[in-house]
Amino acid sequence: MTAHTVTEPTAAPDARRRRPPGITFASFQPLGIDAGLTAARWAEELGFASFWTAETTGLEAFSTLSAAGCAAPTLALGTGVLALQLRTPLLAVQGAATLQALSPEREINLGVGISSTAVVGRWHGARYGDRPLAQTREWLELARPLLEGEKVTHDGDHYAVGPTRLGVRLGERRPRLVLAALNERMLRLAGELGDGVLLNYLPASAVPWCVEQVRQGELAAGRPPGSVRVSAYVHVGVCDPGAARAKARRDLFGYAVVPAYAKAFERAGFAAEVAALGAAFEAGDRSAAEAAISDDMIDAINICGDADTVAAAVDAYEHAGVDEAVIMPLPWGEDRLGTIRLTMEAVARRDTGRSGDARRERLELAESAFRTHGHRLIDWVADYWRRTDDLPVGPSVEPGWVRSQLDAHPPEHGGDLAGAVADLDRVIVPALTHWQAPGFFGYFPANASPPAVLAELVSAGLGVQGMLWATSPAVTELEQHVLDWLVEACGLPEDFRHRRSDGTPGPGGGVIQDSASSGTLCAILAARHRLDAGTQRIDSLVVYGTSETHSSLEKDARVAGIPKARVRAVPTDGVLAMDPEALATLIEEDRRAGLVPLLVCATSGTTSTGAFDPVEAIADVTEPLGIWLHLDAAWAGSAGVAPELRWVSDGVERVDSYLFNPHKWLLTNFDCSTLWVRNRAALTEALSIVPEYLRTAQSEAGEVVDFRDWQVPLGRRFRALKLFFVMRHYGLEGLRDHIRTGIADAAWLEEAIVAHPTLELVAPRSLALVCVAHVDGDEATGRLLEAIADDPRYLCTRTVVAGRVAARVAVGSPRTTRRTIEEFWAFLAAAAA
């Protein structure tokens, strides 16, 4: 390339105050408005100063800028540029003034230019004019006083108006007039009448000459040097330059056939390329015309490469005299939006300075990506919740499908968080069971409410360790507090509180476990300690449940060292509840055999049918013998927030430990299982091991609770924040309404089943759980279950009640409405027929 001789700018680069970079949407408008708004949010997050948009045949400029202004409230906004032949001065000023009125403190740039005959004439059908410089001067001479609020009367060669005045009331700040300019006369006109000039499709080497023309225009108009801000579109992309060359060549060809740009390219040192391109184009050989664009020309104007290459390119334009580098991201990577993001990060990193610490720079980029994609993912989750109405509840993929969609090898290079986000819709969502869907009636509810999800995000971001009070006092004390709130909310015994209502310390307390399985294991370990298990053989210990008790009891016993043969299934009565007399008989038989009854697990709301064991009568058996009584109300316990439903925990004042899962039915996402003990000593003494590195003065003095002693793992997350957010957002009133609504919907379904000739209940409805079967037997019920499984709207689980196959319908999602239940019933009745 033969470089054009240039004049040095009036002010040395170091004497100017560099403005933070801007970004234009011009190069990636085909990606759609969402991409533009995403880039605007990124720009604000990364410290960019401005957001510009172009206008040809796509998105309208002022509407786009208005949306971008909402997405990124601190960014300056600019039209870059409007074809001035398509809007009268007043109409363009109205648009800019409207934006200014919407954001009185924001910088608004009204960028205009003469565009091209193709855009103005062929595409819009307007007259381009044969005196563009004169029309531009007249346009600016009209727009300036209109922006100042003056009454204007004008009778010129191109416009005749007046008397007229802008009818938008503005404060002190007014939109700036920016002129897109390439040639000497237009650049000098910008210096004479503009607030700014916008350069485009020029190499950095051509900038000093352009700046000098602007300064000459200022001088001729008697304006101080530097009155006009010099902005330039800098075409850059973090992508493979070799792979991008074909696109770069086509891009430059499209501008080189426009006479004004052709002359600018010649002046910048690319006369040979322009001549060869023009000859080939005249001969009708487009391929040869594109091929005339040299690699040197591409590398000088459409600059692609790694982050350092992009950063150096922007540095070069600023050193050449540009006051404001407005990057035009070249979306030519495989992931187009991801390429834009990487390009912006490269420029932002340059602008804040390179620390030289690779670890710190990686962290800063990760934090930047978090802010950007965090906004996007909040929207994604909210949209996902709405989409669950239309998504198939169960997945239809074959085993191994998910892995087949992913790269076989881990990524060597990072920076593809945008690709990972895109894979949520491509790979993850199609292979999910949608537990939040309105037609999800399987297992038990697993509520994921917005406040709980936000709290989970905060908890993950804080990344604190709550194993000791000293490692984060707020983690421990908030957990104590919200669990005391729940004791009050559910009418549980005062002994379960860390601090009684009169302010005195309680003997027991609550702790949040990950699941009911962990809570039951802790109860078994506490029971062993209280019994002084060191004097007993492990294989002599016995725990008791029923065939309806959750399977985790057997697993927890095995983890605690108690063999499967020592887990007793107590017979049940006609409603599948534990038979206290049968329990007493089993215990007596075991004691005669030299075995040691350790723990009885009673259940309030069994998994299969929602049966309730008679806790009072069971306590009559266990108390005289000192057997630990544990009450598992994993699902049903949440109902206790409604005073009329506190019978779900009848007898709880006589148990040693009690748990339920807010992550099932209390609008708190998994995992959050609350366990209370009447006397904490057995639990903490069983699980407390204190190496020297975990000793603290507060713990040694007994002034605080260390929840590491209330669970099996040492480490623990900030789970209490979820309950705190949920209770603060919904209040007890909202939580009660959620429970009551689910029960009312299930009761409506129960009545419909009872009245139906071929369907029947196989167990009494329990709160919001209904078990239904076909009167013609298991084969007919099996067909009914198949019909439910084949319908994408619904998911139920299978159970066996007293030897009969049944479908479990567990109502409880906040997205389930009465209409959902009515539509499900219509489907069920039709399938049964």
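- Between E494 and E653 the shortest side-chain heavy-atom distance does not fall below 4.5 Å.
- The heavy-atom pair separating V615 from D650 by the smallest distance is CB-O, 3.4 Å.
- Summarising the geometry of A806 relative to V762, their closest heavy-atom pair is CB-CG2, 3.6 Å, with the distance given to 0.1 Å.
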Task: Worked check of side chain to side chain contact (heavy atoms under 4.5 Å, CB included) between L576 and T606 - done: CA-CA 9 Å; L576 302 178; T606 58; 5.8 Å; no
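- For P450, the side-chain contact (heavy atoms from CB on, under 4.5 Å) criterion is met by W385, Y730, not counting sequence neighbours.
- A side-chain donor-acceptor contact under 3.5 Å links S673 and N661.
- The distance from atom CZ of R528 to atom CG of L541, rounded to the nearest 0.5 Å, is 7.0 Å.
- Centroid-to-centroid, the aromatic rings of H756 and W825 come within less than 6.0 Å.
- Residues that satisfy the side-chain hydrogen bond (donor to acceptor under 3.5 Å, both in side chains) test with T572, not counting sequence neighbours, are absent from this structure.
- With N447 as the partner, the side-chain hydrogen bond (donor to acceptor under 3.5 Å, both in side chains) test is satisfied by one option alone out of H738, Q436, H663: H738.
- Not a single salt bridge (Lys or Arg N to Asp or Glu O under 4.0 Å) links R736 to another residue, sequence neighbours left out.
- The main-chain N or O of K555 is never found under 3.5 Å from a side-chain atom of S552 such that the two would form a donor-acceptor pair.
- The CD1 atom of I739 sits 6.0 Å away from the CG atom of L666 when rounded to the nearest 0.5 Å.
- The backbone N or O of D502 lies less than 3.5 Å from no partner atom in the side chain of T504, so there is not a single donor-acceptor pair.
- Among V648, L769, T603, the one residue that satisfies the side-chain contact (heavy atoms from CB on, under 4.5 Å) test with W635 is L769.
- A donor-acceptor pair under 3.5 Å is absent between the side-chain atoms of R798 and the main chain of V805, judged by distance alone.
- Put simply, the side chain of L795 does not reach to within 4.5 Å of the side chain of W435, judged on heavy atoms.
- Side-chain atoms of S501 and E488 form no donor-acceptor pair, as typed in the model, at a separation below 3.5 Å.
- Remark: R717 engages D671 in a salt bridge, criterion side-chain N to carboxylate O under 4.0 Å.
- Side-chain contact between V393 and F441 is absent, with no heavy-atom pair separated by less than 4.5 Å.
- The closest donor-acceptor contact from the side chain of D484 to the backbone of R499 lies under 3.5 Å.
- Ring orientation note: the planes of H498 and W710 are tilted relative to one another, at an angle of 30° to 60°.
- Between L483 and G510 the shortest heavy-atom distance is CD1-C, 3.1 Å.
- Between the side chain of S657 and the backbone N or O of H630, no donor-acceptor pair lies under 3.5 Å.
- Taking every heavy atom of both residues into account, W665 and A768 meet most closely at CZ2-CB, 3.8 Å.
- Between the side chain of R808 and the main chain of Y443, a donor-acceptor pair closer than 3.5 Å is present.
- Of all non-hydrogen atoms in A807 and L785, the two that sit nearest each other are CB-CD2, 3.6 Å.
- For the pair R818 and E822, the salt-bridge criterion is not met [side-chain N within less than 4.0 Å of a carboxylate O].
- Side-chain contact between L761 and V754 is present, with heavy atoms from C-beta onward closer than 4.5 Å.
- Not a single ring pair (Phe, Tyr, Trp, His ring centres under 6.0 Å) links H550 to another residue, sequence neighbours left out.
- For the pair L432/P395, no side-chain contact is recorded, criterion being any heavy-atom separation below 4.5 Å from C-beta on.
- Inter-residue side-chain proximity for V621 and V600 is flagged as unmet; no heavy-atom pair is nearer than 4.5 Å.
- The main-chain N or O of K564 is never found under 3.5 Å from a side-chain atom of R558 such that the two would form a donor-acceptor pair.
- We find the CG-CG distance between L521 and L687 to be 8.0 Å, quoted to the nearest 0.5 Å.
- Residues that satisfy the side-chain contact (heavy atoms from CB on, under 4.5 Å) test with P430, not counting sequence neighbours, are W401.
- Judged by distance alone, with hydrogens and angles left aside, the side-chain atoms of D791 form a donor-acceptor pair with the main-chain N or O of R793 at under 3.5 Å.
- Using a 4.0 Å cut-off between a side-chain N of Lys or Arg and a carboxylate O of Asp or Glu, R537 and D539 qualify as a salt bridge.
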Open item on the list: Test side chain to side chain contact (heavy atoms under 4.5 Å, CB included) on R719 and D514; report intermediate values, then the result.
Closed with: CA-CA 9 Å; R719 295 189 186 97; D514 55 4; 3.4 Å; yes
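- In this structure, D590 contributes its side chain and L595 its backbone to no donor-acceptor pair below 3.5 Å.
- With contacts defined as side-chain heavy-atom distances shorter than 4.5 Å, the pair L667/P814 qualifies.
- R716 and E479 are joined by a salt bridge, as a carboxylate oxygen and a charged side-chain nitrogen come within less than 4.0 angstrom of each other.
- Using a cut-off of 4.0 Å between Lys/Arg side-chain N and Asp/Glu carboxylate O, E456 and K722 are scored as salt-bridged.
- Side chain of S459 to backbone of A455: no donor-acceptor contact under 3.5 angstrom is found.
- Applying the ring pair (Phe, Tyr, Trp, His ring centres under 6.0 Å) test to H481 and every residue at least two apart in sequence or in another chain returns W485.
- Looking at E760 and R804, a side-chain N of the basic residue comes within less than 4.0 Å of a carboxylate O on the acidic one, giving a salt bridge.
- Two rings, from F660 and W676, have their centers less than 6.0 Å apart.
- In terms of heavy-atom proximity, N669 sits nearest to V453 at OD1-N, 3.9 Å.
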TODO: Give the C-alpha distance, both sets of side-chain angles, the deciding distance and a yes or no for side chain to side chain contact (heavy atoms under 4.5 Å, CB included) between L492 and S649.
DONE: CA-CA 8 Å; L492 300 176; S649 58; 4.1 Å; yes
